[in-house]
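The structure under discussion appears below in the form of structure tokens.
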Amino acid sequence: MTDSDPSRSARDDATIDLASFGFDETGDAWLDTFRDAQRADPMGRLGDYELLAEIGRGGQGVVYKARRASDDRIVAIKRLIGGKLAPADLRRRFEREMRVAASLDHPNITRAIDIDVIDGHPVIVMEWIDGQPLDVWGRPNGVRRPVADILRLFVDACDAVQHAHIRGVIHRDLKPSNILVTSTTTRDSVVHRPVVLDFGMARLLNPARDDTGATTAGAFLGTLAYAAPEQLSGGAQPADALADVYAMGVMLCETLTGRHPHVVSGSLGDTIRAIQEKTPERPSRVAPGLSRDLDAIVLKALSKTPEHRYQSIDALAADLRRHLAGDPVTARRPGTRYLAGKLIRRHPLAFGASALVFAIVTALASALYVANAREKAALRIARTTSDFLAETLAAAEPDRGGADVTLIEVLAQAGDRARRELADTPEAAAQVHLAIGKTYCALWRWRDAIPHLENAERLLRADPDRDDATFARALTALGRAYTSVKNPQAVSLQREALAIRRALFNEPDALIAESLKELAYALQQATDPPQWNAAEECYEAAIEMFRATLGPDHRETAACLHNYGWMRVRQRRYADSVELYHEAIEIFRRTHQRDDPFYVECLFGYTAQLSVLGRDEENLVVVNELIPRLRASHGEAEVGDLLWGRADILLRLGRFDEADDAFADAFRALREWGQAPALPGGADADTHCDDLLDRLADLPADRVRPVLAFIEEFAHSRVVMGRFDRAETIFDRLETAVSRLAPNAALILATIQEGRADIAIARGENALAEQRYRRALDLADRPGLAFDRKRAWLERQLAVCRIVSPAGADDLARLEIACAKLAEHDGADHRLTRETRSLIDELRLTLDTRPTDRRPAP
Amino acid sequence: MMSPDTTRASLLLRIRDPDDHLAWREFDGAYGELIVRYCRARGLQLMDAEDVRQLVMLNLSRSIPRFDYRPEVGRFRDYLRTIVRHAVARHAPRHGGAAIGLDTVVLETMASGVDDMMDAEWDRQWRRLHCRIALRTLRREGDPRHVDIFERLLGGASIQDAADAFGITEASVRKIKQRARERLQALVARQLRQEDGLD
């Protein structure tokens with residue numbers, strides 16, 4: 001029987017074939033056949049590259065792992081299937097598209113190393129990414145990672161796709177195997193980075209067009225599961241960026257729920273019908289515990305109609321960020337344009353330094369700066385609320401030519417409307433009240449915020465179908481407002497929010513960390529006495545959890561460090577606070593976020609504590625950075641306090657000429673703030689001082705006291721510089737002005753007396769100094785923290801004064817008492833306390849060694 | 001994801017529908033690899049082999065729907081081999097690479113009953129294909145522990161090594177090996193019948 005023998009049946013052929021496998025032979029011939037089948041055939045070379053393995057195969061291309069012989073580098077090589085067979089014009093298009101894709105430069109997009117034609121084959125050589133496909137990373141061993149981790153990763157992936165979109169490159173083949181996640185272990189945590197592969201490949205061949213002959217083959221090798229409905233309709237138009245939005249929605253749904261939004265395991269026709277016609281199930285139904293907001297986000301991304309989807313991948317990322325931040329997401333309501341910019345410009349800046357004169361420098365400067373940042377933060381929050389609030393804001397459009405409208409007025413209107421129109425819809429009412437409350441919070445108007453937040457909390461608590469994640473947000477916001485007005489109920493609210501989040505999410509989780517941070521803040525601010533230990537535990541846990549979930553360099557970590565630092569300030573542990581502020585600042589510096597408004601807030605805290613600790617050299621550097629930033633964002637009038645602070649630092653450093661220049665700068669800012677006309681350029685500090693003293697009566701009444709206070713500070717600088725006569729002259733004029741314009745300014749008067757006493761000491765007129773210190777103490781004999789601190793300092797000065805005129809052990813004892821009082825008010829770390837402590841130590845040595853015959857008679 | 005219920009027979013029937021993308025995907029996954037390995041063994045570079053694969057699949061998708069499969073005239077594996085050989089021959093000079101109409105040539109050849117030269121390499125690669133398919137089925141359906149033991153033997157371990165590694169007797173290992181042999185033989189036999197349309 002031969003092969004061509006027609007009598008041989010097919011069944012005979014099958015038998016012969018089976019025998020060729022070696023099954024009928026003795027021994028292991030059959031096993032050798034199977035071993036041979038398992039053996040990997042060498043893939044050969046392509047130019048300088050040794051092909052190691054086929055990594056992926058899609059409808060349009062194949063990817064190989066390869067080693068470059070010249071440097072042993074591992075790379076990925078991609079080529080178009082059938083590239084050599086393609087017509088020349090298609091190949092040119094391919095090469096052009098590859099160059100565009102290769103031009104993408106983003107940390108989350110795989111980088112092209114080379115585009116070449118090797119042995120006639122156009123290829124693109126890419127960096128090798130050692131990572132897991134997104135679906136494997138998202139659910140290791142089938143268990144979902146923390147939701148917040150997943151969302152943050154998707155935000156990064158969306159940023160990468162957006163980067164490509166705005167450069168005209170659509171992916172069109174997004175799927176888990178095209179997003180690899182690398183994991184890098186740092187000292188404190190593991191950082192996960194998504195890398196999007198294969199940009200530009202899918203755009204090349206449109207399955208709907210058969211202009212190459214290869215497209216039919218490509219079509220059946222494509223991936224349907226992540227294709228948007230419009231991609232499957234076979235229309236002539238190629239799918240656009242919204243197809244990428246859809247694909248991202250599918251992957252998000254799969255990662256969160258463990259299931260594809262549609263049934264894709266059946267026939268091709270069934271799969272296509274499901275994608276095009278069937279509404280996907282809500283993710284929270286598949287995976288209980290997911291929030292309604294996430295449902296809305298996923299379902300919006302999966303809208304069958306492109307017009308109903310997020311209109312950009314960036315919009316999807318923005319909603320994910322909002323959800324991570326605990327803010328309302330736009331997916332739950334259609335968006336509305338909002339004229340934020342115009343309202344910001346027209347909102348009168350009601351804040352000034354007048355209310356803050358007697359505060360310490362940092363608080364004064366912080367309030368000035370934050371006043372502007374608050375506006376921006378508040379309006380950002382307002383923009384993301386429901387149509388309801390956005391409509392109210394839009395109705396107050398400044399460009400209608402009406403009177404100035406303030407954001408506060410609009411919020412009040414929105415509140416009235418909510419009470420009238422939403423009485424029958426508690427869920428909507430809760431959302432609107434929460435939004436209004438959070439907007440007030442962003443303006444630091446806690447007492448306005450509280451009624452709205454209480455409404456939101458009450459409505460949500462009464463709703464059996466409430467979304468727990470939203471409820472936790474409402475509790476957190478109300479707790480924060482309560483903390484700010486020192487209502488101790490803040491603690492129980494934050495504890496409840498923390499418990500809810502712990503039930504919803506697995507630790508570590510960034511939202512749990514946020515609750516820990518807020519609870520810490522409540523424990524330190526809203527309880528009396530402050531629960532320092534409990535707050536410290538919460539801060540430590542929050543920081544560790546922020547680092548674990550967001551990485552070591554995240555803004556939230558910096559914010560937590562800042563709050564912790566503030567707690568240390570209140571505890572008067574200044575050295576500790578400085579370290580915490582410094583750590584927060586370094587986060588912004590490392591991540592190049594110096595333009596973040598919160599960076600400036602951290603710098604304020606830092607400079608204040610450096611001042612307290614007397615670390616003047618370091619402080620000068622910080623202040624020199626802070627001043628131009630504040631000047632650029634808020635104008636000259638807002639940097640006055642910093643300029644005074646800078647002058648003060650230079651004074652303490654003994655750099656008097658520079659201090660004088662700094663005082664001149666400070667006076668210029670003070671004039672602008674105080675609404676005094678400017679002097680010709682080049683006027684020195686003394687000229688400014690005298691001119692202002694002449695104009696005091698012309699200044700607005702609420703600016704007089706602060707101006708007097710600053711002039712007093714300037715006068716004191718003359719004392720330090722040894723210009724006693726000049727100082728005396730200014731003190732005389734100040735006393736006259738105070739008695740006429742601000743007769744109740746006892747603190748200023750006490751400080752003027754203190755200054756005169758300092759002059760007396762410097763001149764060696766100790767008895768006169770003692771007299772003046774006592775006069776100052778009398779003037780400062782008033783209730784209030786500022787007066788308490790002033791008295792403590794005056795007593796210290798008095799004690800020193802008496803020792804200088806030499807005295808004995810009793811005087812040293814008085815100085816010890818004064819030092820103790822200083823420590824009680826300012827803390828042991830405060831430079832003034834430490835200087836006093838040092839003085840005591842020196843004097844003790846002196847007293848002990850003094851010969852007894854030199855001691856004065858009692 | 002391919003349906004585990006797809007049989008070889010139904011696959012060869014399903015690919016008659018060029019729009020059954022899942023079936024074509026499975027077909028390409030199996031037979032495409034055969035084509036590439038054959039071409040590589042015949043001296044083509046990998047990329048050229050991939051081009052041949054693509055070309056063959058493309059032309060198959062056009063010719064299969066109207067192809068009247070008669071095993072007594074020509075078997076599928078021979079039909080496929082002929083297409084591939086012609087594609088290799090046309091592709092090797094690397095001139096242009098325009099699509100070629102293979103279907104007419106092959107059909108005429110089949111109709112005449114002439115099947116020219118034996119091709120040992122094709123047979124070898126074809127056997128390797130069926131071995132891989134059968135092994136995949138065994139791994140999917142077999143007892144996991146027995147599969148592990150068999151894999152150890154497949155990797156070159158002796159009976160004694162496998163027994164030591166798994167803490168069982170050599171007799172047990174031999175028994176497991178024999179069962180695997182029988183199972184693989186049955187699987188391959190079924191695959192061959194289905195390929196030839198006998199099942």
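Below, chains carry the letters A, B, ... as their sequence lines are ordered, and counting in each starts from 1. Please read all numbers here as calculations on a predicted model, not as lab measurements.
- By the neighbour-count criterion of 12 heavy atoms within 6.0 Å, atom CZ of B:Arg37 is densely surrounded, having more than that number from other residues, nucleotides or ligands.
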Apply side chain to side chain donor-acceptor pair (under 3.5 Å) to the pair B:His130 and B:Gln191, showing each step before the final yes or no. CA-CA 7 Å; B:His130 279 281; B:Gln191 285 160 210; 3.0 Å; yes
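- Neither the backbone nor the side chain of B:Leu60 comes within less than 4.5 Å of any heavy atom in chain A.
- Using a cutoff of 4.0 Å between basic side-chain nitrogens and carboxylate oxygens, B:Arg139 and B:Glu151 are scored as salt-bridged.
- Using a 4.5 Å cut-off between heavy atoms, A:Arg45 contacts chain B through its backbone alone, with no side-chain atom that close.
- With contacts defined as side-chain heavy-atom distances shorter than 4.5 Å, the pair A:Leu174/A:Tyr226 does not qualify.
- Ranked by heavy-atom pairs shorter than 4.5 Å toward chain A, the options B:Leu153, B:Leu46, B:Leu129 are led by B:Leu46.
- In terms of non-hydrogen atom pairs under 4.5 Å with chain A, the most contact-rich of B:Arg40, B:Arg132, B:Gln185 is B:Gln185.
- A salt bridge does not link A:Asp36 to B:Arg127: none of the charged side-chain nitrogens sits closer than 4.0 Å to a carboxylate oxygen.
- Contacts of A:Asp28 with chain B are made by side-chain atoms alone, with heavy-atom separations under 4.5 Å and no backbone atom involved.
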